[in-house]
Number of protein chains: 2
Amino acid sequence: MTRAAGAPGSPPTGRARLADVAALAGVSVGTASKALSGAGRMRPETRQRVLDAVATLGFRPNQHAQSLHTGRSWTVGLMTTDGIGRFSTPVLLGAEDALGAGKISVLLCDTRGDAIREQHHLRNLMDRRVDGIIVTGRRTDARPPLTGISGLESIPVVYALSPSTDPADTSVVSDDEGGAQLAVDHLLSTGRTRIAHVTGPEHHAAARDRAHHAVDHLRATGLDLSTERVHFGEWSEAWGRRAADAVLRTAPDTDAFFCGNDQIARGVADALREKGVGVPGDIAVVGYDNWDTMALASRPPLTTIDMNLAEIGRIAALRLLEAIEGADATPGARPVPCRLVVREST
Amino acid sequence: MTRAAGAPGSPPTGRARLADVAALAGVSVGTASKALSGAGRMRPETRQRVLDAVATLGFRPNQHAQSLHTGRSWTVGLMTTDGIGRFSTPVLLGAEDALGAGKISVLLCDTRGDAIREQHHLRNLMDRRVDGIIVTGRRTDARPPLTGISGLESIPVVYALSPSTDPADTSVVSDDEGGAQLAVDHLLSTGRTRIAHVTGPEHHAAARDRAHHAVDHLRATGLDLSTERVHFGEWSEAWGRRAADAVLRTAPDTDAFFCGNDQIARGVADALREKGVGVPGDIAVVGYDNWDTMALASRPPLTTIDMNLAEIGRIAALRLLEAIEGADATPGARPVPCRLVVREST
DNA sequence: CGTGTTTGAGCAACCGTTTTCCTGAGCGAG
DNA sequence: CTCGCTCAGGAAAACGGTTGCTCAAACACG
């Protein structure tokens, strides 16, 4: 009881199937398939007949059928742990860009930092037989690796921005050390030597690491922070303003601020301006993140460190692709260099 | 290894198939399928045996096979036209939330405003047989509907935030009229009557519409703008500062600013503070967008209009779901009400 | 002219589920 | 004891491609 096999124009889906193409071209389904895949030898004229039929019918292969057969879905999961924030967004776009260039699509999963939701999405991704997974988050703190779903071991996972706590996993992170050095070197090169460092909460790896590297780098050139300590606080303008006051009180000869992010830097710049201190005339200010709405709106616009987030996403995607193609994953965290963006605050 | 090798012929995919489950439970594949779907009558004991087998093998159905058979992919495309900006992000999350609650996943497509890329993604989505598409953008200006790919007519499309120019399409937009009224009414209710309006470029629908509705609403209560005209400019703090100066020069008795977005409002607030004008003591300021990094960092924190972007995304997703389920799409643009967020600037 | 070698194209077996149809067993009624 | 019903469960046909294998025709060569 074959459904009207010869009847042209009776595809139940409303779209042409390979069988329709084959019928129109006067060949068998198998031959039509070969004509499209380029596999096997065949008379050019036959291939052309098939291609013509494809064009007339507007045929496009059914990906579900293909995936069922090949086991590949040409899809990767993009798991973001904190909504789609200011940090994960560029990463995500970079990844989407690198993947979309091929024929790979991106399944978006937002866990909102909830473990239950993460499991739910993970199971979903596995059910859809994704070819790989990219995990990204807002913070640079390491996060526990994905677990709990059987089958996970068999597909590659790359962590972007937030590395995995397991060193055997593949991670792509921002080069905090290089970023801190860029900032410090830039300030030194403009003749500043009394540098203060104001940053976010000490329990954030981003704050801790950048501070640590900044201090180390200063020491390597025989200098110390102007206030002899790091000012940990919050990632806010208000903290920047308060910290600026405190710094100038304890070390009035401070001639530069290196700030843990652009919000703090903007707060510092505002406080200085309101005190009548010239930026960059009297004191230079360097931010971090190159968050344009902050850096550009600041008075003066901020010199800042750009983490190249989109590049992190792109590289993560490329490494995932390599892993999918079967190359052995190079484990460990690969740092992506930062970029110094010079504006008017230095 | 919990990998039960009970079935003859190991699964090539490395994961259990329904055939393995059936073998372990001692039933046929068809019966196993029925046990899982709940369809058809069968002895409870048999069903239980199947469920047990499913549990021991950790079986999960292959979605490609299911989709191939049913024609449904349980996937929707999310097409965003401008990267994933400040506006599309919440919309996108709201949609992801509403859809992910079911078993529907989201394919992310970023066109970066490029028509070629849009066609490319569209074709990709159609190849994957998505069940529907949500289109979103940064601006509230109407955009041309999706076209150019055959088969598109057969699946539902919902436009979020940026409506389609075709009134027969389904769109979910922000209620600019209600937003403008909320802002104006709030200012009136705090006793202000000399209101100025500073906003973005006139060629942006968001600026035009809000201005238009604000003026209309004022007129309805017998008032006019303090400067008798709308101040169109840019969506920037710098413009807010400049405009504040200009307004106070032409209409020194202005006692409130309604601003087209939070950046402008912050600029206005800064300019007033630097002039020694009290906010809200002397002049009240209302923003638009409730962009927290702006509204909260402003001094004082801004009263502002929240467009409920996530709600827009959620509603768009729900309407798409309805349409997918076969309900007739209600065409036209459905406005989602805004919310007044009162802080210290009024 | 017979034989061996290409070569182009078709056949059919998958991929993993769903679903329809069918069979056979069990059982109550006459 | 037989007839008809009900119902659990199996067999097999889709869904739409891919691919290894087979087979016949065409060609080269001795």
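Proteins come first, then strands; the chains are lettered A, B, ... in the order of their sequence lines, and each starts at number 1.
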### Message
Check the phosphate of dG8(C) against Arg43(A), side-chain N and O only, distance under 4.0 Å to OP1 or OP2. Yes or no?
### Response
no

### Query
Within this structure, what is the CZ-to-P distance between Arg47(B) and dG10(D), rounded to whole angstrom?
14 Å

### Task
Name the nucleic acid region contacted by Thr70(B), choosing base, sugar-phosphate or nothing; use a 4.0 angstrom heavy-atom cut-off, strictly under.
nothing

### Query
Side-chain donor or acceptor of Lys34(B) under 3.5 Å from a matching atom on the base of dG10(D)?
yes

### Query
OP1 or OP2 of dG9(D) less than 4.0 angstrom from a side-chain nitrogen or oxygen of Ser28(B), does that happen here?
no

### Side chains of Val173(B) and Arg334(B) in contact at under 4.5 Å (non-hydrogen atoms)
no

### Summary
Here the distance between atom P of dT20(C) and atom CZ of Arg41(B), to the nearest Å, is 16 Å

#### Entry: Gap between atoms NE2 and C1', on His69(A) and dC15(C) respectively (whole Å)
6 Å

### Message
Without decimals, in angstroms, what is the distance between Gln48(B) CD and dA8(D) C1'?
### Response
17 Å

### Task
Grab the NE2-P distance between His64(A) and dC14(C) for me, whole Å please.
24 Å

### Task
Please step through side-chain contact (heavy atoms from CB on, under 4.5 Å) for the pair Leu18(B) and Asn62(B), ending with a clear verdict.
CA-CA 9 Å; Leu18(B) 189 52; Asn62(B) 183 322; over 6 Å; no

### Under 4.0 angstrom between Gln66(B) side-chain N/O and dT18(C) OP1 or OP2
yes

### Query
Checking side chain to side chain donor-acceptor pair (under 3.5 Å) for the pair Ser164(A)/Arg143(A): CA distance, chi angles, key distance, verdict?
CA-CA 5 Å; Ser164(A) 163; Arg143(A) 53 152 290 152; over 6 Å; no

### 5'-most by nearest nucleotide on DNA chain C - Thr31(B) or Thr46(A)
Thr46(A)

#### Entry: Residue of the set Leu146(A), Val158(A), Val76(A) for which side-chain contact (heavy atoms from CB on, under 4.5 Å) holds with Ile133(A)
Leu146(A)

### Task
Give the rounded distance in Å between these two atoms: CZ of Arg17(A) and P of dA14(D).
11 Å

### Summary
In whole angstroms, the gap separating P of dC15(C) from CZ of Arg72(A) amounts to 19 Å

### Message
On DNA chain D, does the nearest nucleotide to Gly30(B) precede the nearest nucleotide to Leu68(B) from the 5' side, or the other way round? Give the residue.
### Response
Gly30(B)

### Task
Walk me through it: do Leu309(B) and Phe87(B) pass the test side-chain contact (heavy atoms from CB on, under 4.5 Å)?
CA-CA 7 Å; Leu309(B) 291 173; Phe87(B) 297 108; 3.9 Å; yes

### Task
In whole angstrom, give the distance that lies between atom CD of Gln63(B) and atom P of dG16(C).
15 Å

